[in-house]
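A, B, ... follow the sequence lines: proteins, then strands. Residue 1 opens every chain.
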2 protein chains.
Amino acid sequence: MATMQRLQNTGLELFYAQGYYDTSIDDILKKLDLSKGAFYYHFDSKEDYFIQIIQNLLARKIYSTLIEPIEGHDNPLTLITKCFDDAMETAVHNEMDYGCILSNFLTEFNGKNEVIMRHLNEIVTVWEVNLVTTLQKGKFNGYLDRHVDCEAAATFLMSSYFGVRTLMTSAAPSAKKYRFMSQLRQYFKSIEAKSVNS
Amino acid sequence: MATMQRLQNTGLELFYAQGYYDTSIDDILKKLDLSKGAFYYHFDSKEDYFIQIIQNLLARKIYSTLIEPIEGHDNPLTLITKCFDDAMETAVHNEMDYGCILSNFLTEFNGKNEVIMRHLNEIVTVWEVNLVTTLQKGKFNGYLDRHVDCEAAATFLMSSYFGVRTLMTSAAPSAKKYRFMSQLRQYFKSIEAKSVNS
DNA sequence: GGTAAATCCGACCATGTGGTCTCTTTATAG
DNA sequence: CTATAAAGAGACCACATGGTCGGATTTACC
């Protein structure tokens, strides 16, 4: 694999596990057995490096795990349930889970680096727009109750997912997942379309 | 005010705003016009310093904003609604809001400092226990539906609160708050006791 | 007033950081 | 084979960090 790819992959891995500010370039280079020269040949600075990682790896990762799985014409509530379940199941089985990578970076850079924050917020916006659209389509197709505020539901869903991934890192991730999913279903039941054949 | 108190207060302030690892002791000392000698007279190390801040300030802060307000014999759903609303309203009006302080520190120290994580998780547990107890009491008093899983509801509530506070830091905190609260009420409506006088 | 303890000062140290620069190696093309 | 550019090595720099230490200053108490 090309050096540049290896640098980005290892960078994302370490930044996720240890945080951006607590991971030195030397850490990454040591792990890959590379030198400063190799790094600064491919990237202008640590910040430039991270921004490329965001665009090349993080954005795709979020897309493939949280956005693409909820696309389709089926019941959005079913799709979202399965999507969250899968994402959390992956986390449960990952002994090196440090929470939602996007949420973690949002927390770390908030108020510290506006440039990076803009790139991260862009990903958040894409997710939000897709969620809202999917929910609206679901409403149009008769899966959701007519009175549902789709923007509000999207915010609620994103919030709860970010939060539960943080909570899961503390203790008993499997139990946390189970409890979360049960209440997510409860919430979904309250916004789904009321049965017409009464 | 005593030097030790000033150090702790300013420390919490800066650690919250900039993060623990990105705030140097010199930053804090400069702001207070103190010297290294003063600092290391009162504290053994940066870590010891932070642990004392957790126990003396952070724990009380969480207690007074998230735990104490939901104590009482009224409808717990009403109390929690008001508690979250108040906490988020404070955040909205604070131009220097960086999300839920507890959630932020959990994210920052996860996988990096086990000692500090234990102290933080202790606070999380206290919050959780109080929430569960309050919900169970509410169920006993006929405010919640008999079938509600109180542990699950508590996890769901903590998750969503952590998450929305993270989301609020990105953009449009007021709108996020409004949307979140509307769906929280929706969720609460689905777990409240069904009307008896049918 | 004197003494001792509490409090604080600030120079200093070892270490680690992001980043630069010169030089060497390796591939590519004619 | 050779000229040329891409790719990488690693010594080096300026600076920041957590922490130490001997000394100065203030406070409390007899």
Side-chain angles (χ1 to χ4, degrees), chain A residues 1-57 104-105 108-109 111-117 119-120, chain B residues 1-57 104-105 108-109 111-117 119-120:
Chain A
M1 189 169 38
T3 301
M4 197 161 167
Q5 299 297 322
R6 296 173 61 217
L7 277 170
Q8 293 190 22
N9 286 328
T10 304
L12 182 60
E13 202 178 302
L14 290 187
F15 287 148
Y16 170 55
Q18 312 178 21
Y20 175 83
Y21 291 106
D22 208 35
T23 302
S24 70
I25 297 174
D26 282 331
D27 287 342
I28 296 156
L29 295 174
K30 197 182 292 173
K31 186 157 183 179
L32 290 176
D33 213 32
L34 286 173
S35 66
K36 278 273 174 69
F39 182 87
Y40 281 97
Y41 174 77
H42 290 288
F43 304 100
D44 292 342
S45 65
K46 193 185 180 185
E47 180 176 316
D48 166 59
Y49 173 51
F50 188 68
I51 291 176
Q52 292 208 37
I53 289 179
I54 294 178
Q55 294 177 328
N56 293 330
L57 300 180
N104 287 6
F105 286 144
E108 178 164 14
F109 290 104
K112 283 180 219 156
N113 188 317
E114 275 196 45
V115 181
I116 291 183
M117 277 304 280
H119 285 90
L120 294 173
Chain B
M1 190 170 38
T3 301
M4 197 162 167
Q5 299 296 322
R6 295 174 61 217
L7 277 169
Q8 294 191 23
N9 286 327
T10 305
L12 182 61
E13 201 178 303
L14 290 187
F15 287 147
Y16 171 56
Q18 312 179 22
Y20 175 83
Y21 291 107
D22 208 35
T23 302
S24 70
I25 297 175
D26 282 331
D27 286 343
I28 296 155
L29 294 174
K30 197 182 294 173
K31 185 156 182 179
L32 290 176
D33 215 30
L34 285 173
S35 67
K36 278 274 174 68
F39 182 88
Y40 281 96
Y41 174 78
H42 290 289
F43 305 100
D44 292 341
S45 65
K46 194 185 179 187
E47 178 175 317
D48 165 60
Y49 173 51
F50 188 68
I51 291 175
Q52 293 208 36
I53 289 179
I54 294 178
Q55 295 177 327
N56 294 329
L57 300 181
N104 287 5
F105 286 144
E108 180 164 15
F109 290 105
K112 284 180 219 157
N113 189 317
E114 276 196 44
V115 181
I116 291 183
M117 276 305 280
H119 285 89
L120 293 174

For the CD1 atom of Ile116(A) and the CZ atom of Phe109(A), what is their distance to the nearest 0.5 Å? 4.0 Å
Nearest-0.5 Å distance, CD of residue Gln5(B) to CD of residue Gln8(B):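 Output value for this atom pair is 5.5 Å.
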For [X], what residues pass the salt bridge (Lys or Arg N to Asp or Glu O under 4.0 Å) criterion, not counting sequence neighbours?
{"X": "Glu13(A)", "result": "Lys31(A)"}
{"X": "Asp26(B)", "result": "Lys36(B)"}
{"X": "Lys46(A)", "result": "none"}
{"X": "Lys112(A)", "result": "none"}

Please check this pair: side chain of Tyr21(B) against backbone of Glu108(B), looking for a donor-acceptor N/O pair closer than 3.5 Å. no
Taking it one step at a time, do Tyr49(A) and His42(A) satisfy side-chain contact (heavy atoms from CB on, under 4.5 Å)? CA-CA 9 Å; Tyr49(A) 173 51; His42(A) 290 288; over 6 Å; no
For a 4.0 angstrom threshold against heavy atoms of chain B, report the outermost contacting nucleotides of DNA chain D in 5' to 3' order. dT17(D) to dT20(D)
DNA chain C nearest-nucleotide lookup for Asp33(B) and Tyr40(A): closer to the 5′ end is Asp33(B)
Report the residues that fulfil side-chain hydrogen bond (donor to acceptor under 3.5 Å, both in side chains) with [X], sequence neighbours left out, ordered by chain and then residue number.
{"X": "Ser24(B)", "result": "Asp27(B)"}
{"X": "Gln18(B)", "result": "none"}
{"X": "Tyr16(B)", "result": "Asp97(B)"}

Range-with-range stems for DNA chain D, at least three Watson-Crick or G-U pairs under 3.5 Å: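 Detected stem regions: C:1-27 with D:4-30.
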So Lys46(B), base contact, sugar-phosphate only, or nothing? Heavy-atom distance under 4.0 Å.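 Contact class for Lys46(B): sugar-phosphate only.
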Near-strand residues of residues 16-30 of chain B, defined as heavy-atom separation under 4.0 angstrom from DNA chain D: Thr23(B), Ser24(B), Ile25(B)
Return the residues of residues 47-57 of chain B meeting this criterion: a heavy atom under 4.0 Å from some atom of DNA chain D. Order them by number, or give none. none
Can you name the closest pair of heavy atoms from Phe50(A) and Tyr20(A) and give their distance?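 Closest pair (atom of Phe50(A), atom of Tyr20(A), distance): CB-CE1, 3.6 Å.
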Tell me, with the steps shown, if Phe105(A) and His119(A) meet side-chain contact (heavy atoms from CB on, under 4.5 Å). CA-CA 11 Å; Phe105(A) 286 144; His119(A) 285 90; over 6 Å; no
Could you tell me the boundaries of the chain A footprint on DNA chain C, defined by atoms under 4.0 Å from its heavy atoms? dT17(C) to dT20(C)
